[in-house]
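Throughout, protein chains are lettered first and strands after them, A, B, ... in sequence-line order, and every chain is numbered starting at 1.
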Amino acid sequence: MNKKSMEYKLSTDLDAYLAGIENKDELSPQEYKELLELGKLLIDNDFSKNSNKESVYNQTLKNIRSYRVQSPCRIANKFNRIIAISACLILVCVLSISLIQPSLAHNVFEKIIKTITLGHINVVQFEPQNTTLNIPHHLKGKIFDEKGDEIKVFSETYTGKIYTAQGQEIIAFANGEPVTKSNDNENILVIRESHDLSKYTCFEVILPSYLPEGYQFDRAEFYKNEDGIVENTKYINLYFTNSKTGKYIYMQQRYADKETAYTLSTNSKVEQIEINGVKAILSDNRGIDWERDNVLYGLSSRGEFTKDELIKIAESIQ
Amino acid sequence: MQQFTVIKPLSERTNQNPLCKEEIYTHIFETYYKRIYNYMYYRIACQTTAEDLTSQVFEKLLLNLSKYEEKKGSFEVWLFTIARNVLNDYFRALKRYSIFSFEGVKQMVSKSKTPEDVVLFTETKDKLSEAINTLDGRERHIIALKFGGCLKNNEIAKILNITESNVGVIIYRSLKKLKQKMVSEEKIYE
């Protein structure tokens, strides 16, 4: 038997074996028979017997379900709120970028531990796979540390601030681009009086009637539109400051629709609670997010006081 | 014996009723799990990674199920093309990650091997894996598709974009190498 026909015969015989047909063959040379035997052995060899099939099945289902939940939020949102739920601001930023680009999120995070969904708000709790993450492709060469060295990997242990090439501090990421302190200020209208805030917004702004001792309304911030004015805006940022300590409570309210829907992600604990009878999400005992009468409320204690105080503030908004 | 269930008008069924997606997933998973996992294991002799990548394949499969068109080729070819891409992504990510990992750099510099080699080199346990490790990248891939994925030669040809007879030649040659390697290993231990 020449080599060419042996190669052909081997393929045919193996395919026949795969299909469950076994030919009795006494004529082929010993060498050929041995190769065929090895091939059959390999076909019968099943590595998957030692694998955890059920866990693979469940993991896949879980991932698929989480995609379904996340899909409405894939639209890049200029004002995607990024708050430091986690101890590490950088990691939170990365998480938020990741959620805008689900494929990236998928590469970076192995496990979604929990997803809580309200109408327009999702909170996702991840189990981070690594403590270091590579910078997403589109941000390479755009992020620097305090010394001006380019940051090439995000590390959970890095707690310093991050800067652009021009040395401006990066406070958030929006549409995949760094947002710096200065370029943010130009687009923001600051109002110091607490009455009549609703005249800027397309919904009624309700302020908390309870604040922890020492805290009071400081200012409201609005994002200007393309013409540089604020009119019927869907967003308002509120700051309540303790003038003695300088510490503040941050709150954002949004008119609830497709554009303003947001997803928060954290590797800290998230749980479902109730605020005045409405479903709410408590993240890391530092933030509460809920939705009522077509308004999205996001309240952040920034770790300055207890969970009970935080809930009390949230419940006083009605 | 291997299962060769052909899942017929899949896309039609899912389009009509998205709710039965999970049911279809279970069916596909049960049918193809062993083949996908074994394919992965042939290429990366590591249980956890093979499990993870297998899960990724089924995830991609289900998310893109509506895009599958029977006209364009068999379901198996489509499925293993996804599997191949998942693996390629994995190797690429590994390469990227290795740049930043000291261990990875050390290994790559000292042995100047590809990440694929590094994985296989460190994870090999048994004689078969060791023998497979002596094959080059393309041979190993074809062996994985053939004996892990249990695909016909013409299907492998389609996935790798080579001729069917070329696939046959490589399988023959690879089996010969494996045989030789395994026999010589035995002699050492005798």
- What's the verdict on side-chain contact (heavy atoms from CB on, under 4.5 Å) for Phe47(A) and Gln47(B), showing C-alpha distance, side-chain angles and the deciding distance? CA-CA 9 Å; Phe47(A) 295 113; Gln47(B) 189 191 327; over 6 Å; no
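- Side-chain atoms of Lys62(A) and Glu59(B), non-hydrogen and from C-beta on, never get closer than 4.5 Å to each other.
- Taking 4.5 Å as the limit, some side-chain heavy atom of Leu175(B) sits within range of a side-chain heavy atom of Leu14(A).
- With a 4.5 Å cut-off on non-hydrogen atoms, Glu31(A) touches chain B through its side chain but not through its backbone.
- Interatomic distance, Asp46(A) CG to Tyr37(B) OH, rounded to the nearest 0.5 Å: 9.5 Å.
- Between atom CD1 of residue Ile171(B) and atom CG of residue Leu35(A) there is a gap of 12.0 Å, rounded to the nearest 0.5 Å.
- Every side chain to side chain contact (heavy atoms under 4.5 Å, CB included) that Val77(B) has, sequence neighbours left out, goes to Ser74(B), Thr81(B), Glu155(B), Lys158(B), Ile159(B).
- The two atoms that bring Tyr172(B) and Met6(A) nearest to each other are OH-CE, 2.9 Å, heavy atoms only.
- Of the inter-residue distances, the one linking Leu63(B) atom CG with Thr60(A) atom OG1 reads 10.5 Å to the nearest 0.5 angstrom.
- Partners of Phe80(B) by ring-ring contact (aromatic ring centres under 6.0 Å, His included), not counting sequence neighbours, listed by chain and number: Tyr39(B).
- In this structure, a donor-acceptor pair under 3.5 Å is present between the side chains of Thr26(B) and Tyr57(A).
- In this structure a side-chain-to-backbone donor-acceptor pair under 3.5 Å is missing from Asn63(A) to Gln56(B).
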- Query: Step by step, would you call Leu18(A) with Lys146(B) a side-chain contact (heavy atoms from CB on, under 4.5 Å)?
  - Reply: CA-CA 10 Å; Leu18(A) 276 172; Lys146(B) 185 74 195 174; 4.2 Å; yes
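- Between Phe147(B) atom CZ and Asp44(A) atom CG the span is 11.0 Å, to the nearest 0.5 Å.
- With chain B as the partner, the residue from Asn58(A), Thr12(A), Asn50(A) showing the most heavy-atom pairs under 4.5 Å is Asn50(A).
- Side-chain contact between Glu7(A) and Arg173(B) is absent, with no heavy-atom pair separated by less than 4.5 Å.
- Of the possible polar contacts, none joining the Gln59(A) side chain to the Ser55(B) backbone as a donor-acceptor pair under 3.5 Å is found.
- Taking CG from Leu178(B) and CG from Leu41(A), the interatomic distance works out to 11.0 Å, rounded to the nearest 0.5 Å.
- Checking side-chain atoms of Glu51(B) against main-chain N and O of Ser51(A) turns up no donor-acceptor pair under 3.5 Å.
- Only the side chain of Tyr33(B) comes within contact range of chain A, with heavy atoms under 4.5 Å apart.
- Both the backbone and the side chain of Asn45(A) come within contact range of chain B, judged by heavy atoms closer than 4.5 Å.
- Of all the heavy atoms in Gly168(B) and Ser11(A), the pair that sits closest is CA-OG, 3.4 Å.
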